[in-house]
Amino acid sequence: MIDYEILKLIWWLFVGVLLVGFAVMDGQDMGVGSLLPFLGKNDTERRVMINTVAPHWDGNQVWLLTGGGAIFAAWPLVYATAFSGLYWALFIVLAALILRPVAFDYRSRVPVQKWRSSWDWALFIGSAVPPIIFGVAFGNMLQGVPFHFDETLRSTYTGSFWALLNPFALLCGLVSIAMTVFHGANYLLLRTTGLLQARARQVGLVAGAVTALLFIVGGIWVYFGIQGYVATDIDPAGVANPLLKNVQVSEGAWFTNFFAYPVLFAVPLLAIVAAVVGVLCEYVWRPLSAVLASAVSILCIVLTPLIAMFPFVLPSSSHPVSSLTMWDCTSSQLTLQVMFIVTLIFLPIVLVYTGWAYKVMSGKLTAQYIKENDKSLY
């Protein structure tokens, strides 16, 4: 049997992989959807955009569903606290996500411009709102969320929905939507032709630069203006009781891991460099390289706060001792081990199938192709 401490670390890594997988894979779909009402100047161009992601969007969204399931099973205290305290924010995300499958399915069933335009805006909402909310959530996690546990480990959230929309959290939301649009524009650059491709390139050039700039601003803000958390007297192999540790709060504490292991600075630096490289690849018309660069940038942007907060998962601003870490919010050793075995079996299958699906459904989508397959495409 694997040591409990090692299993906790493994599941921190697995949850991180699922978050990154969702951001990269579903990020390109949401990026395309966020651009749909603006880049597509007519119905044919919008159908081209939709059909670039139509074969993959539902499979990519499974990364989010799996991530939610993994948090429920591996980190039940995090799931209970976040999904109750942040109920309205998560409800908005769910409502937005519901619009996506309905819009994909119904948009082209009626050949009426007003009908299709309405569903295009529904796709926009379903694609733009989730990354903004998830970015805002990360911003609030870095600042701490107002909750506490009583002696029976029952959590109480003391904040409000509107308090989540603070300036730093909104900045993180802008970083999230900017990197999503950047990735989606690069994907359109890869899959489309003509004027639509040229417009996607123009948007991508701006979105990539904005992503790098806002990410730098966010990093400076965290260092000089956000108090971080440091846990002491915690047993990595101990029971799931967050009240058994001590927590200190101080400015610049979120950089503790980076200063302790300077090699970790490569992650945020690579996020910026990859965004710049993606912009340069767009400029010289290298679409595949641009997609890979934006994917790396997203990966590093998501990893940066995870590394900064380690081992914290959900810090508490109102009662720091109640903050949840990967060491004291997990399920039992047996639960983590069974899930680990199942993941080792099915994750490679998912990755192989995803790669095969993208290979089979690759290539350029043109207006002529849409017209020739008018009845069989979205």
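All values below come from the heavy atoms of this structure, side chains included, with hydrogens, waters and symmetry mates left out.
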Legend entry - Aromatic ring proximity, centroids under 6.0 angstrom, Trp88 and Phe161: no

Legend entry - Heavy-atom donor-acceptor pair, Asp328 side chain to Leu324 backbone, under 3.5 Å: no

Legend entry - Check: Glu5 main-chain N/O paired with Asp3 side-chain donor or acceptor under 3.5 Å: no

Inset, instruction - May I ask you to decide if the ring planes of Tyr79 and Phe72 are parallel, tilted or perpendicular, using 30° and 60° as cut-offs? - result: perpendicular

Legend entry - Within-4.5 Å side-chain heavy-atom neighbours: Leu280 and Ser289: no

Legend entry - Enclosure of Tyr369 OH (heavy-atom neighbours >12, cutoff 6.0 Å): no

Legend entry - Closest approach of Met49 to Leu36 (non-hydrogen atoms, all atoms of both residues): CE-CA, 3.5 Å

Inset, instruction - Ignoring hydrogens and angles, tell me if any N or O in the side chain of Ser331 forms a donor-acceptor pair with the backbone of Ala73 under 3.5 Å. - result: yes

Legend entry - Gap separating the CG atom of Leu9 from the CZ atom of Phe14, nearest 0.5 angstrom: 10.5 Å

Legend entry - Nearest-0.5 Å distance that lies between atom CZ in Arg191 and atom OG1 in Thr366: 11.0 Å

Inset, instruction - Tell me, yes or no, whether the heavy-atom count around Tyr261 atom OH, taken from other residues, nucleotides or ligands under 6.0 Å, exceeds 12. - result: no

Inset, instruction - Indicate yes or no: at least one non-hydrogen side-chain atom of Leu94 is less than 4.5 angstrom from one of Ile98. - result: yes

Legend entry - Enclosure of Tyr106 OH (heavy-atom neighbours >12, cutoff 6.0 Å): no

Legend entry - Inter-residue atom distance Leu19.CG - Ile71.CD1, 0.5 Å rounding: 6.0 Å

Inset, instruction - Take His183 and Ser294, measure what side chain to side chain donor-acceptor pair (under 3.5 Å) needs, and give me the verdict at the end. - result: CA-CA 5 Å; His183 197 40; Ser294 58; 2.6 Å; yes

Legend entry - Closest approach of Ser34 to Val181 (non-hydrogen atoms, all atoms of both residues): CB-CG2, 4.2 Å

Inset, instruction - Taking the side chain as every heavy atom from C-beta outward, state whether Asn140 and Asn166 have any atom pair closer than 4.5 Å. - result: yes

Inset, instruction - Please confirm whether the backbone N or O of Met25 pairs with a side-chain atom of Asn60, one donor and one acceptor, at under 3.5 Å? - result: yes

Legend entry - Hydrophobic cluster identity match, Val360 and Leu351, side-chain contacts under 4.5 Å: no

Inset, instruction - Taking all heavy atoms of Ala169 and all of Leu164, pick out the closest pair and write down the distance. - result: CB-O, 3.3 Å

Legend entry - Parallel, tilted or perpendicular, as decided by the 30° and 60° cut-offs, for the rings of Tyr187 and Tyr358: perpendicular

Legend entry - Heavy-atom donor-acceptor pair, Arg201 side chain to Glu282 backbone, under 3.5 Å: yes

Inset, instruction - Quick one: pull up CG in Leu195 and CG in Leu39 and give me the separation to the nearest 0.5 Å. - result: 11.5 Å

Legend entry - Whether over 12 other heavy atoms sit under 6.0 Å from Arg286 CZ: no

Legend entry - Test item: Lys8 side-chain N/O and Trp327 main-chain N/O as donor-acceptor pair under 3.5 Å: yes

Inset, instruction - Ignoring hydrogens and angles, state whether a donor on the side chain of Gln337 or Gln333 is under 3.5 Å from an acceptor on the partner side chain. - result: no

Inset, instruction - Check whether more than 12 heavy atoms from other residues, nucleotides or ligands sit under 6.0 Å from atom CZ of Phe83, and answer yes or no. - result: yes

Inset, instruction - Report yes or no: do Val273 and Ile301 belong to one cluster of Ile/Leu/Val/Met/Phe/Trp/Tyr joined by side chain heavy-atom distances under 4.5 Å? - result: no

Legend entry - Working for side chain to side chain contact (heavy atoms under 4.5 Å, CB included), residues Arg46 and Arg116: CA-CA 10 Å; Arg46 292 183 180 184; Arg116 294 186 173 185; over 6 Å; no

Inset, instruction - Taking the side chain as every heavy atom from C-beta outward, state whether Trp11 and Thr330 have any pair of such atoms under 4.5 Å apart. - result: no

Inset, instruction - May I ask you to decide if Asn246's main-chain N or O and Asp233's side chain share a donor-acceptor pair within less than 3.5 Å? - result: no

Inset, instruction - Indicate, with yes or no, if the rings of Phe38 and Phe124 have centres closer together than 6.0 Å. - result: yes

Inset, instruction - Find out if a path of hydrophobic residues (ILVMFWY) with successive side-chain heavy-atom gaps under 4.5 Å connects Leu314 to Phe168. - result: yes

Inset, instruction - Examine distances only and state if a side-chain atom of Asp29 and a backbone atom of Val53 form a donor-acceptor pair shorter than 3.5 Å. - result: no

Legend entry - Test item: Phe147 and Ser322 side chains (from C-beta on) under 4.5 Å apart, heavy atoms: yes

Inset, instruction - Before giving the answer on side chain to side chain contact (heavy atoms under 4.5 Å, CB included), spell out for Arg47 and Asp43 the whole-Å C-alpha distance, their side-chain angles and the decisive distance to 0.1 Å. - result: CA-CA 6 Å; Arg47 292 189 68 188; Asp43 183 65; 3.5 Å; yes

Inset, instruction - For residues Ser316 and Tyr229, determine if any side-chain heavy atom of one lies less than 4.5 Å from a side-chain heavy atom of the other. - result: no

Inset, instruction - State, with a plain yes or no, whether a side-chain heavy atom of Phe215 is found less than 4.5 Å away from one of Ser297. - result: no

Inset, instruction - Please indicate whether Leu244 has more than 12 foreign heavy atoms, meaning atoms of other residues, nucleotides or ligands, lying under 6.0 Å from its CG. - result: yes

Legend entry - Geometric class of the Tyr87/Phe91 ring pair [parallel <30°, tilted 30-60°, perpendicular >60°]: parallel

Inset, instruction - Give a yes or no on whether Ile220 and Trp254 share a hydrophobic cluster (residues Ile, Leu, Val, Met, Phe, Trp, Tyr; joining criterion: side-chain heavy atoms under 4.5 Å apart). - result: yes

Inset, instruction - Measure the shortest side-chain to side-chain distance between Phe138 and Leu306 over non-hydrogen atoms and say whether it is less than 4.5 angstrom. - result: yes

Legend entry - Side chain Lys364, main chain Thr192, donor-acceptor under 3.5 Å: yes

Legend entry - Exam field: side chain His319 to backbone Phe149, donor-acceptor pair closer than 3.5 Å: no

Inset, instruction - List the atom of Ile125, the atom of Pro130, and the distance in Å for their closest heavy-atom pair. - result: O-CD, 3.8 Å

Inset, instruction - I would like to know whether Asp26 and Leu64 meet side chain to side chain contact (heavy atoms under 4.5 Å, CB included); could you show each step before the answer? - result: CA-CA 8 Å; Asp26 211 21; Leu64 175 62; 5.5 Å; no

Legend entry - Distance, nearest 0.5 Å, that separates CD of Gln202 from CG of Leu189: 11.0 Å

Legend entry - Heavy-atom pair of closest approach, residues Leu123 and Ser127: O-OG, 2.8 Å

Legend entry - Considering all heavy atoms, the nearest Ser323-Phe312 contact: CB-CE2, 3.7 Å

Inset, instruction - Mind telling me whether Phe22 and Phe134 have parallel, tilted or perpendicular rings, with 30° and 60° as the class edges? - result: perpendicular

Legend entry - Residue pair Trp63, Val24: steps toward the side chain to side chain contact (heavy atoms under 4.5 Å, CB included) verdict: CA-CA 10 Å; Trp63 287 93; Val24 173; over 6 Å; no

Legend entry - Shared hydrophobic cluster, Leu65 / Val20 (ILVMFWY, side-chain heavy atoms < 4.5 Å): no

Legend entry - Nearest-0.5 Å distance that lies between atom CG in Asn51 and atom CD1 in Ile370: 4.5 Å

